[in-house]
Enquirer: 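This is the structure I have questions about; it appears just below.
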Amino acid sequence: MAAEEILVQIGKRLYKRRKEMKLTQEAMAELLEMSITFYGEIERGRKRLSIEKILLVYERTGLDPTYLLTGERLSGEALMEIFKDCPKEKQPVLEQILAYLTELCR
């Protein structure tokens, strides 16, 4: 899949979550601490989210980073196993994996 298509798909997943939360673009942009213009560009697949913003999306909307980036959902049990088995000192490695996934979107 081309990088541009990946960004479009990420934008669609953000749009869907925003609608589920019954938020306007302006409210979602405020929630994610970015300008409405930048957020709109992300929804349209023209801009990328930083790793920090991907984590903020997760914290503020509950949208799983794996689903946001790939469209694939891990089962709740599988997801819990990943985090349960990850020692605190290795959590930066998980963050790096998310950073690599972000790079794939560029």
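Fair warning: this is a prediction, and the values are worked out from it, not measured in the lab.
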Enquirer: Which heavy atom of I42 sits nearest a heavy atom of M34, and at what distance?
Expert: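 Looking at all heavy atoms of both residues, the closest pair is CD1-SD, 3.7 Å.
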Enquirer: State the CD1-CG distance between I51 and L56, to the nearest 0.5 angstrom.
Expert: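 Those atoms lie 11.5 Å apart.
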Enquirer: Does any non-hydrogen side-chain atom of T61 lie less than 4.5 Å from one of E20?
Expert: no
Enquirer: How about L49 and L14: do any of their side-chain heavy atoms sit closer than 4.5 Å?
Expert: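 In contact.
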Enquirer: For Y15 and Y39, which heavy atoms make the closest approach, and how far apart are they?
Expert: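 Where Y15 meets Y39 most closely, the heavy atoms are N-OH, 4.3 Å.
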Enquirer: Hey, is NZ on K53 packed in by over 12 heavy atoms from elsewhere, all under 6.0 Å?
Expert: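 Yes, the 6.0 Å shell around NZ holds more than 12 heavy atoms from other groups.
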Enquirer: Please enumerate all residues that pass side-chain hydrogen bond (donor to acceptor under 3.5 Å, both in side chains) together with E59, with sequence neighbours excluded.
Expert: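 By the side-chain hydrogen bond (donor to acceptor under 3.5 Å, both in side chains) rule, E59 matches no residue at all.
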Enquirer: If you look only at pairs with a residue in residues 25-43, which of them pass as a salt bridge (charged side-chain N to carboxylate O under 4.0 Å, His left out), with sequence neighbours excluded?
Expert: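 Listed once each, the pairs are R18-E43, E33-R60, E41-R44, E41-R46.
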Enquirer: For L69 and I6, which heavy atoms make the closest approach, and how far apart are they?
Expert: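 Distance-wise, the nearest heavy atoms are O-CG2, 4.4 Å.
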Enquirer: Nearest heavy-atom pair of L68 and R13: which atoms, and what distance?
Expert: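 So the two residues come closest at O-NE, 2.9 Å.
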Enquirer: Out of curiosity, Y58 OH to L63 CG, how far, rounded to the nearest 0.5 Å?
Expert: 10.0 Å
Enquirer: Mind checking the CD-OG1 spacing from E72 to T66? Nearest 0.5 Å is all I need.
Expert: 9.0 Å
Enquirer: State plainly whether one hydrophobic cluster holds both I36 and L32, where clusters connect Ile, Leu, Val, Met, Phe, Trp and Tyr through side-chain heavy atoms under 4.5 angstrom apart.
Expert: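 The answer is no; the residues belong to distinct hydrophobic clusters.
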Enquirer: Nearest 0.5 Å, please: how far is CZ in R17 from OH in Y67?
Expert: 10.5 Å
Enquirer: Please tell me if the side chains of Q9 and K12 come closer than 4.5 Å, counting only heavy atoms from C-beta onward.
Expert: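 Yes, side chains in contact.
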Enquirer: Please report the closest heavy-atom contact between P65 and I54, naming both atoms and the distance.
Expert: CB-CG2, 3.9 Å
